[in-house]
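In what follows, every heavy atom counts, from backbone to side chain, and hydrogens, waters and symmetry copies are set aside.
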Amino acid sequence: PEKTQPETEAPLTPEEKALVEIAAEALWNERGDLPDRAHFRADISYGANGNTNIYVDFELYIGDYHTWEGYDLTLNADHEVTRIDGGYHNYRQYLKGATPDRIAAAEAALADQLKDYGDQHSGYYLSIDREGWLCLTCEVIVDKAFGDHEHKFFTERICKPE
């Protein structure tokens, strides 16, 4: 996983925007404890091989980084929500503490740690450490003798849960 920038795909059509609105209304009505929709990005996909379902996925973002907290909704051909699933990871508890300044400080600290490796790394991604801190993490694979390699992980804490 790496730092994710805003989607570069074609913008949603008016019909797709309407589907996202239907799905969002159902999701926020069922799970009233979710953070503001501004923290989520939506993606739409369609069933194949005769499957007429429409799938709307909402993923929580902290800054420009996707989290592993997402919600998947299924709509039938009549645009009725038939399934809501997800929310297995609780990244939303970090939204208040993960300020742009703290994220930028973690990015700068990681860049400093990685300066000897150039751009030969996984890209930055979010993780939660054993003590419950939200972290910015990066992996470098270092080649060793005889075709072997080593995985090195670099982590900077951003904030505790709130």
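Atom-to-atom distance recorded for L114:CG and F154:CZ is 5.5 Å, nearest 0.5 angstrom. Remark: N90 CG to E69 CD distance equals 5.5 Å, nearest 0.5 Å. For the atom pair CD1 of I62 and CZ of R92, the computed distance is 11.5 Å after rounding to the nearest 0.5 Å. For the atom pair R102 CZ and L136 CG, the distance stands at 14.5 Å (nearest 0.5 Å).
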For this session: Any chance you could lay out the side chain to side chain contact (heavy atoms under 4.5 Å, CB included) test for L95 and L60, step after step, and finish with the verdict?
Result: CA-CA 10 Å; L95 282 171; L60 179 70; 4.1 Å; yes
For this session: Could you walk me through whether I128 and Y94 pass side chain to side chain contact (heavy atoms under 4.5 Å, CB included), step by step?
Result: CA-CA 10 Å; I128 299 172; Y94 300 100; 3.4 Å; yes
Exercise. D43 and E59: side chain to side chain contact (heavy atoms under 4.5 Å, CB included), yes or no, with the steps?
Worked result: CA-CA 8 Å; D43 184 44; E59 186 167 2; over 6 Å; no
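For D112 (side chain) and A108 (main-chain N/O), no donor-acceptor pair under 3.5 Å exists by modelled atom type. For the pair W28 (side chain) and P35 (backbone), a donor-acceptor distance under 3.5 Å is present. A donor-acceptor pair is defined here as one N or O able to donate and one able to accept, closer than 3.5 Å; such a pair exists between the side chain of T82 and the backbone of T74. Checking side-chain atoms of E30 against main-chain N and O of L27 turns up no donor-acceptor pair under 3.5 Å. D78 places no side-chain N or O within 3.5 Å of a backbone atom of E80 that could act as its donor or acceptor partner.
A side-chain donor from one of E16 and Y46 sits under 3.5 Å from a side-chain acceptor of the other.
Between Y61 and Y91, the distance from one ring center to the other does not fall under 6.0 angstrom.
Nearest heavy atoms, A23 versus V81: CA-CG2, 4.3 Å. Listed here is the closest heavy atom pair of I54 and N76: CD1-O, 4.1 Å. The shortest non-hydrogen separation linking L73 to A26 is CD2-CB, 4.3 Å.
Within the 4.5 Å cutoff, the side chain of Y71 has no heavy atoms near those of the I84 side chain. Looking at I103 and Y65, their side chains come closer than 4.5 Å, going by heavy atoms from C-beta outward. Taking 4.5 Å as the limit, every side-chain heavy atom of I22 sits out of range of all side-chain heavy atoms of V56.
The side-chain contact (heavy atoms from CB on, under 4.5 Å) test with F58 singles out one residue from D72, V20, L34, and that residue is V20.
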Donor-acceptor pairs are to be reported for all side-chain atoms of residues 155-162 against protein atoms at under 3.5 Å, with residues two or more places apart or in another chain.
residue, atom, partner, partner atom, Å
E156, OE2, Q113, NE2, 2.5
R157, NE, D129, OD2, 2.8
R157, NH2, D129, OD2, 3.1
R157, NH2, E131, OE1, 2.7

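W68 and Y124 fall within the same hydrophobic cluster, defined by Ile, Leu, Val, Met, Phe, Trp and Tyr side-chain heavy atoms under 4.5 Å apart, directly or through other members. In this structure, V140 is a member of the same hydrophobic cluster as L126, with clusters built from ILVMFWY side-chain heavy atoms closer than 4.5 Å.
Between K152 and E139, none of the side-chain N atoms (NZ, or NE/NH1/NH2) sits under 4.0 Å from a carboxylate O, so this pair counts as no salt bridge. Salt bridge annotation for R41-D57: absent, with no cationic side-chain nitrogen under 4.0 angstrom from a carboxylate oxygen. By the 4.0 Å N-to-carboxylate-O rule, R37 lies too far from E25 to be salt-bridged with it.
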